[in-house]
Amino acid sequence: MNAAHKQADVIIIGAGIIGSSIAYHMSKKGISCLVLERGAAAQEATAASAGMLGAMMETDAPGPLVELAVASQARYRKLAETLFEDSGVDIEYTECGTVGVARDEAEKAALLQKCSFARDFGQRVDWIETGRLLELEPGLSPDLLGGVHIPGDHQVQSPKVALAFRTAAIRLGARFLEHTPVLRLLTEGRRVAGVETTDGSFYADHVVLAGGSWSPGLLTGLGIDLPVYPVKGQCYSAILPEGLKHTVFALKCYLMPKRDGTILVGATQEEAGFDKSPTAQGIAYLHEIAASMVPAMKKAVFVRTWTGLRPGNPQLKPFLGPVEGREGLLLATGHFRKGTLLAPITGEMLTSMVTGEALPLDPSPFTLRGHGLQ
Ligand code: GLY
C-alpha cells in the first residue's frame with residue numbers, strides 16, 4: 001500500500017450502519033473517507049436490528065433525544081429514493097405505521113405519556129379504545145386495555161440500509177477495509193492524528209469512533225472512560241398466516257411484519273457482556289408477550305432466532321461530536337436501541353462538524369459534557 005493510501009481526510013472506525021452513514025454523507029461532500037472494520041461490515045448490531053423507525057415508539061419523555069429521533073426519521077422517505085439512485089439498493093422503507101398496545105395500567109400510562117408530548121414534536125400518537133384497535137389490527141387480543149396508533153413510525157431493513165450507504169460511499173470514493181482491527185489511536189501531542197491497525201498505521205485530519213459496543217477500548221489509552229457497554233437483544237422470526245398490517249409493540253416486545261413475509265419478534269434487553277448466545281428463556285419470554293398481544297402467534301411457524309449487541313450507556317442517548325482537549329477525535333457511538341433510526345442524522349451531523357457547516361440540531365446534549373462526563 002503506497003503512502004497516499006495511508007492517508008484520508010477522515011478515518012471512521014466501524015462499518016456498521018452508523019460508520020457507513022457517516023462515510024456516505026461525508027463522501028457526498030467530497031471528503032475522503034477510510035472506514036476500518038474489525039470484522040466484516042455491518043455484522044454486529046446492524047445485522048440484528050429490526051429496522052424500526054420508532055421516533056415515538058422508542059422515546060418516553062420529551063427532550064433533545066426526541067428532537068434528534070424525529071429529525072432523523074423525517075429524512076428516511078427521501079433518503080430511500082436517493083440511496084436507491086446512489087447505490088441501486090432498495091432499503092425496504094415501508095410506511096406501515098405502528099400500533100402500541102396496553103396490556104395493563106402501567107403500559108397504558110406509558111402510552112398516554114407519548115400522546116401527551118407527541119404534538120410538541122409535530123408527531124401524532126392517538127389513543128384508541130380496544131374496539132377500534134382491533135379494527136385497525138384484527139389479530140390483536142380483545143383483552144387489551146386499548147392502545148395508540150402512531151401513523152408516522154415506519155420501518156426499513158437495517159442491513160440493506162448499511163449496504164446502501166456503503167455501496168454509495170464506495171462509488172463516491174470511500175475505502176472500506178474489513179477485517180482490519182484498530183489497535184490504538186495515534187496522537188501527536190493532544191491531537192488524535194491517526195490509528196494503528198493490524199495492517200499498519202493510517203493518518204487523517206479527523207478520526208471518528210463509530211465502533212458501537214467495542215468503542216470504549218480504544219479510548220482507554222487516552223484516559224477516557226466511555227460508559228458504553230453491550231446490551232444483548234434476542235429476536236426470533238415466524239410465519240403467521242394472517243400477517244400483521246402494522247408494527248405492534250408493548251413495553252418489552254414488538255412484532256414487525258417484514259417484506260419477506262415473516263413476523264420479526266424482538267427483543268430482549270440483557271446486560272450479559274459480549275455473550276451473544278440465544279437462550280430458550282429469552283425466546284420463551286418474548287414469545288409469551290408476543291402471544292399476549294397477538295394470540296395467533298401461538299400457532300405461528302418458527303423460522304429462526306438471532307441476537308445482537310446494542311451499544312448501551314447510562315443516559316440511553318448517543319455520544320456525538322468532538323472530545324474537549326482531544327482535537328481531531330469525534331464520537332458517533334452509543335446509539336443503544338436507535339442505531340437505525342438515528343443513522344441519517346448522525347451522518348449529517350458528523351459531516352457538518354467536519355465541514356464547519358451549520359448543524360441541523362444542537363449537538364451539545366450528546367457530547368461527553370452533555371452526558372455529564374466532562
Ligand atoms: N430498536 C429496537 C431494539 O433495539 O430492540
request  = Check the hydrophobic clustering (I, L, V, M, F, W, Y; side-chain heavy atoms under 4.5 Å; chains of links allowed) and say if L361 and L320 are grouped together.
outcome  = yes

remark   = Heavy-atom nearest pair, A238 first then M297, reads CB-CE, 4.3 Å

ask   = Under 3.5 Å, is there a donor-acceptor pair between the side chain of E178 and the main chain of A41?
value = yes

message = With ring-ring contact (aromatic ring centres under 6.0 Å, His included) as the rule and sequence neighbours excluded, what pairs involving residues 237-279 come up?
response = H149-H246, W214-F274

key: Student check: side-chain heavy atoms of S201 and V195 closer than 4.5 Å   = no

task = Inspect the surroundings of CD in E288 and state if more than 12 heavy atoms from other residues, nucleotides or ligands are less than 6.0 Å away.
result = no

key: Side-chain heavy-atom pair L177, T197 within 4.5 angstrom cut-off   = no

message = Using side-chain heavy atoms (C-beta onward) and a distance below 4.5 Å, is L350 in contact with H206?
response = no

ask   = Got a second to check how far E348's CD is from I345's CD1, nearest 0.5 Å?
value = 5.0 Å

Distance (rounded to the nearest 0.5 Å) between K298 NZ and S292 OG = 9.0 Å

ask   = Distance from R326 atom CZ to L185 atom CG, nearest 0.5 Å?
value = 9.0 Å

Taking every non-hydrogen atom, the tightest pair across S158 and T340 = OG-OG1, 2.8 Å

message = Applying side chain to side chain contact (heavy atoms under 4.5 Å, CB included) to F165 and L79, what does each step give before you reach the verdict?
response = CA-CA 10 Å; F165 280 140; L79 186 65; 3.9 Å; yes

Validation: residues 25-36 side-chain donor-acceptor distances under 3.5 Å, sequence neighbours left out:
{"from": "H25", "atom 1": "ND1", "to": "S21", "atom 2": "O", "distance (Å)": "2.8"}
{"from": "H25", "atom 1": "ND1", "to": "S21", "atom 2": "OG", "distance (Å)": "3.2"}
{"from": "S27", "atom 1": "OG", "to": "A23", "atom 2": "O", "distance (Å)": "2.6"}
{"from": "K28", "atom 1": "NZ", "to": "Y24", "atom 2": "OH", "distance (Å)": "3.4"}
{"from": "K28", "atom 1": "NZ", "to": "D86", "atom 2": "OD2", "distance (Å)": "2.8"}
{"from": "K29", "atom 1": "NZ", "to": "E357", "atom 2": "OE1", "distance (Å)": "3.3"}
{"from": "K29", "atom 1": "NZ", "to": "E357", "atom 2": "OE2", "distance (Å)": "3.1"}
{"from": "S32", "atom 1": "OG", "to": "D9", "atom 2": "N", "distance (Å)": "2.8"}
{"from": "S32", "atom 1": "OG", "to": "D9", "atom 2": "OD2", "distance (Å)": "3.4"}

inquiry  = How about CD on Q113, more than 12 heavy atoms from neighbouring residues, nucleotides or ligands closer than 6.0 Å, or not?
reply    = yes

ask   = Is the shortest side-chain N to carboxylate O distance from E44 to R38 below 4.0 Å?
value = yes

key: Closest non-hydrogen atom pair, G19 against I12   = CA-CG2, 3.7 Å

ask   = Sub-3.5 Å donor-acceptor pair from the side chain of S72 to the main-chain atoms of L68, do we have one?
value = no

ask   = Taking a hydrophobic cluster as the set of Ile, Leu, Val, Met, Phe, Trp and Tyr residues connected by side-chain heavy atoms closer than 4.5 Å, whether directly or through intermediates, do F117 and V125 fall within one such cluster?
value = yes

query = Side chains of R337 and Q269: donor-acceptor distance under 3.5 Å anywhere?
reply = yes

ask   = Are R103 and L144 close enough that some pair of their side-chain heavy atoms sits under 4.5 Å apart?
value = yes

ask   = Do side-chain atoms of T46 reach the backbone of Q43 as a donor and acceptor pair under 3.5 angstrom?
value = no

message = Hydrophobic clusters here meaning ILVMFWY residues chained together by side-chain heavy-atom distances under 4.5 Å, can you tell me if L264 and I17 are in one?
response = no

message = With no hydrogens and no angle check, just 3.5 Å: does a side-chain donor-acceptor pair link Y93 and E95?
response = yes

request  = Output yes when E135 and R132 qualify as a salt bridge under the 4.0 Å nitrogen-oxygen rule, no when they do not.
outcome  = yes

query = Are side-chain heavy atoms of V101 and S141 found at a separation under 4.5 Å?
reply = no

Intermediate values then yes/no, side chain to side chain donor-acceptor pair (under 3.5 Å), S364 and D362 = CA-CA 6 Å; S364 61; D362 173 17; 2.8 Å; yes

inquiry  = Regarding K258 and D260, does a basic nitrogen lie under 4.0 Å from an acidic carboxylate oxygen?
reply    = no

inquiry  = Could you go through L329 and L219, starting from their C-alpha distance and side-chain angles, then the distance that decides it, and tell me whether this counts as side chain to side chain contact (heavy atoms under 4.5 Å, CB included)?
reply    = CA-CA 10 Å; L329 177 63; L219 295 176; 3.8 Å; yes

query = Does Y76 belong to the same Ile/Leu/Val/Met/Phe/Trp/Tyr cluster as L83, with side-chain heavy atoms less than 4.5 Å apart forming each link?
reply = yes

key: Least distance between heavy atoms, G146 atom then W127 atom   = C-CH2, 3.7 Å

Atom CZ of R191 with >12 non-hydrogen neighbours under 6.0 angstrom = yes

Backbone of A55 reached by a side-chain donor or acceptor of D153 within 3.5 Å = yes

request  = Decide yes or no on side chain to side chain donor-acceptor pair (under 3.5 Å) for T305 and Q234, but give the supporting numbers first.
outcome  = CA-CA 7 Å; T305 178; Q234 303 192 38; 5.1 Å; no

query = Short question: side chain of T220, backbone of G217 - any donor-acceptor pair under 3.5 Å?
reply = yes

request  = Might you work through the side chain to side chain contact (heavy atoms under 4.5 Å, CB included) test for L186 and F202, ending with a clear yes or no?
outcome  = CA-CA 9 Å; L186 297 173; F202 296 86; over 6 Å; no

query = Pick one: which of T333, V354, I22, I13 meets side-chain contact (heavy atoms from CB on, under 4.5 Å) with V208?
reply = I22

ask   = Is there a side-chain contact between K232 and L309 (heavy atoms, below 4.5 Å)?
value = yes

query = If two hydrophobic side chains count as joined below 4.5 Å and joins carry through other members, does L133 share a cluster with M256?
reply = no

ask   = Nearest heavy-atom pair of K317 and G370: which atoms, and what distance?
value = NZ-O, 3.1 Å

T94 side chain to E92 backbone, donor-acceptor under 3.5 Å = yes

task = Taking the side chain as every heavy atom from C-beta outward, state whether M293 and L244 have any atom pair closer than 4.5 Å.
result = no

query = Once you round to the nearest 0.5 Å, how far does CD of E58 lie from CD of Q73?
reply = 11.0 Å

query = What are the two closest non-hydrogen atoms of G308 and A48, and how far apart are they?
reply = CA-CB, 3.5 Å

Step-by-step side chain to side chain contact (heavy atoms under 4.5 Å, CB included) determination, V10 to D205 = CA-CA 6 Å; V10 177; D205 298 332; over 6 Å; no

ask   = Around R75, counting heavy atoms of other residues, nucleotides and ligands shown, do more than 12 lie under 6.0 Å from its CZ?
value = yes

message = Any heavy-atom pair between the side chains of I18 and P318 that's under 4.5 Å?
response = no

task = Calculate, to the nearest 0.5 Å, the distance between atoms CG and OG1 belonging to L316 and T59 respectively.
result = 12.0 Å

ask   = About how many Å separate OG of S87 and NZ of K160, when rounded to the nearest 0.5 Å?
value = 11.0 Å

ask   = Between the side chains of T262 and S237, does any donor sit under 3.5 Å from an acceptor?
value = no

